[in-house]
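Scroll down for the structure; my scribbles are underneath it.
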Amino acid sequence: MGIATRIAVRLVPNPPAIRTLLADFTSIRDASNAVTAVIAAGMLPAALEMMDANCIKAVENWAKAGLPLDAGAVLLVEIEGSIDGADADATEITGICKSNGARNVRLAAGAEERALLWKARKSAFGAIANLKPNYYLHDAVVPRTRLTEIMEQVLEIAERNQLMVLNVFHAGDGNLHPLLVFDKREPGVMDRVHRAGTEIIEACVAVGGMLSGEHGIGLEKRDYMHLVFSETDLAEQAVLRNVWDPEGRWNPTKVLPTGVRCGELQHVPEGAWI
Amino acid sequence: MSLTFARSDASPAMLAFARAVGTTDPVRVVGGRTQWGVGRSSEPQAREVAAPSGIISLEPAELIVRCGAGTPWGELDTALQAEGMLCPIDGPSESSTLGGIFSVGHSGFRRLRYGHLRDLLLEARYVNAAGELVKAGAPVVKNVTGYDLCRLLVGSVGTLGLLGEVVLRCRPRPQVQQWLRSATVDPFLVRERLYQPSFIGWNGRETYVCMEGSPVEIRSDTKTLNDLTADWVETQKPFIPSAGRVSKRPRELRSASRDFAEGSWLAEIGVGVVHLQSPPGPGSQRPAGPDNATAALNRKTKRAYDPTGRLNPGVMP
């Protein structure tokens, strides 16, 4: 639609207090149930992140953050607020996690431990290199109450397609990040990766989810747009795009599936960076 | 792999709304008529249509609600309250409809804490100028799937499509709401020191603060305020004038006492909106319109979505 050359963003004050919890569960199911229970209890932590067993092993091997290697999943919970308010929320969320099967809930003792836990979470993608040279990431988002069942489906889809999957994601938003881990030199593996990816997307859409929570559609998810929008819906989106870019100059072929836009480009212009 | 989408989820009420909008003649959509003058009045000869009304589903575990765009804001707020939920829309009147509020796009008084109204609209189902049912967005709290037509519709005053059904993001309802007033505090210092106040209002003489949260949080905020000055008194939400609005950079509000006549205004500190008792007149307080390039894009957008100008004719966003 255009190229931003200057932007203004709203800033917010730093919170007076931050509390970071690491909750240790024996299964993804328990951790997912805890996420749903936290939201249902009217709590909105600043972050509610999940890592599954495969991810914990890959990350801990490198980050040495003290993640429980025998856990089925961990939740990393960050709470912001006033000092008293953050402490009260931390206590309540600890209780919810425990009543949903958490073996242990660890409160980061200070800024250093908090930074280490976040280092572990943020290094997940890089740590995959310890396992396999390639990964394929999906970014679907589902209603938060459907998290438990969709996680079970993701694991089942990966197993059926003989692929290793790591899950590290923004559970509090229902935003999945299943990482299908593979070695592309293995004959036939790309077919299985794409098949599993499509099955994960379809499973998410079937429970009322959408294709992307934060990474966008681009080229790769463009042809899934028909799963969640009708021809009329897509035509309405194309109207907007054509107002801003009637000649189809800006990132041609991205976002909207072929056949939706009028005056559609039949090929990508030479030199176009897509 | 199946990539076929079937639209089987249109409700009878939405189908009836689409039939009422039709395909050819000029129509104007009517809600609670509480903001009827925004964007100039629509042409009275246009046929009146009204969006479906009523709450369709209320989901505390998801913190979302789906309702007809014709639902009055007061009706929704009462239902949400019973479930411990809040959708901080704060419409101008309890009888203002959700469709009207989102079409006008004016945020409520708690924007400082909860953000702009447009962030609350997760999914919109609307009828376009061709009389077709369109869906934008989805009932999930994080979504970048395709172009965000929900944001296009908010503030478009029903000139691009007519809202029929909306899914809104909710929050847990705060346990306590506390209003305090001071005649001596510097409102900009309150903005600096208080973490996430819901509203800081200033009229040049007094500062009004609204805090929301758990009792623990309110006690902590009150202590912060008492450290600034000693003359805080408990109060009610102040009268917020609604005849005019001016939007300024938040820091420009420091000169509001000089810019506006005494007793005629209330400014939202930290946000930049000044509420006026009379519409802004000619001169420095008249809001600037869009620049030429933006105005041209606005016209092109209107023509593209509504080539015959049948949706809310006469109205300008």
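In what follows, every heavy atom counts, from backbone to side chain, and hydrogens, waters and symmetry copies are set aside. Residue numbering restarts at 1 for every chain, and letters A, B, ... go by the order of the sequence lines.
Heavy atoms closer than 4.5 Å to chain A are found nowhere in Ile218(B), neither backbone nor side chain. Only the side chain of Ser220(B) comes within contact range of chain A, judged by heavy atoms closer than 4.5 Å. For Tyr305(B), the parts lying near chain A are the backbone and the side chain together; criterion is any non-hydrogen pair under 4.5 Å. For chain A, the nearby part of Leu149(B) is the side chain; its heavy atoms alone come within less than 4.5 Å. Only the backbone of Asn14(A) comes within contact range of chain B, judged by heavy atoms closer than 4.5 Å. Proximity to chain B is limited to the backbone of Val142(A), based on heavy atoms less than 4.5 angstrom apart. For chain B, the nearby parts of Val239(A) are the backbone and the side chain; heavy atoms of each come within less than 4.5 Å. Looking at His170(A), only its side chain comes within 4.5 Å of chain B, counting heavy atoms on both sides.
Residue pairs meeting the salt bridge (charged side-chain N to carboxylate O under 4.0 Å, His left out) criterion with at least one member in residues 137-163 of chain B, sequence neighbours excluded, are Asp173(A)-Lys142(B), Glu214(A)-Lys142(B), Asp119(B)-Arg151(B), Asp148(B)-Arg151(B).
Of the inter-residue distances, the one linking Arg144(A) atom CZ with Glu59(B) atom CD reads 10.5 Å to the nearest 0.5 angstrom. Expressed to the nearest 0.5 Å, how far CD of Glu132(B) lies from OG of Ser230(A) amounts to 8.5 Å. The OG1 atom of Thr145(B) sits 9.0 Å away from atom NZ of Lys221(A), with the distance rounded to the nearest 0.5 Å. Atom OG1 of Thr36(A) is separated from atom CD of Glu62(B) by 8.0 Å, given to the nearest 0.5 angstrom.
Here the closest heavy-atom approach between residue Tyr126(B) and residue Glu236(A) is recorded as OH-OE1, 2.7 Å.
Contact tally against chain B (heavy-atom pairs below 4.5 Å) for Pro15(A), Ala140(A), Ala86(A): the top residue is Pro15(A). In terms of heavy-atom pairs under 4.5 Å with chain B, the best-connected choice from Thr145(A), Val141(A), Leu211(A), Asp84(A) is Thr145(A). Your options are Pro13(A), Pro143(A), Ala8(A), and the one with the most heavy-atom pairs under 4.5 Å with chain B is Pro143(A). Annotation: maximal heavy-atom pairing with chain B below 4.5 Å, among Met1(A), Arg10(A), Arg146(A), occurs at Arg10(A). With chain B as partner, the option from Ser212(A), Ala40(A), Gly85(A), Gly42(A) having the largest number of non-hydrogen pairs under 4.5 angstrom is Ser212(A).
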Please tabulate, for side-chain N and O atoms in residues 108-118 of chain B, each donor-acceptor pair with protein atoms closer than 3.5 Å (sequence neighbours left out).
| unit_1 | atom_1 | unit_2 | atom_2 | d |
| --- | --- | --- | --- | --- |
| Arg110(B) | NE | Asp90(B) | OD2 | 2.8 |
| Arg110(B) | NH1 | Glu212(B) | OE2 | 2.6 |
| Arg110(B) | NH2 | Asp90(B) | OD1 | 2.8 |
| Arg113(B) | NH1 | Gln196(B) | O | 3.1 |
| Arg113(B) | NH1 | Glu212(B) | O | 2.9 |
| Tyr114(B) | OH | Glu212(B) | OE1 | 2.9 |
| His116(B) | ND1 | Arg118(B) | N | 2.9 |

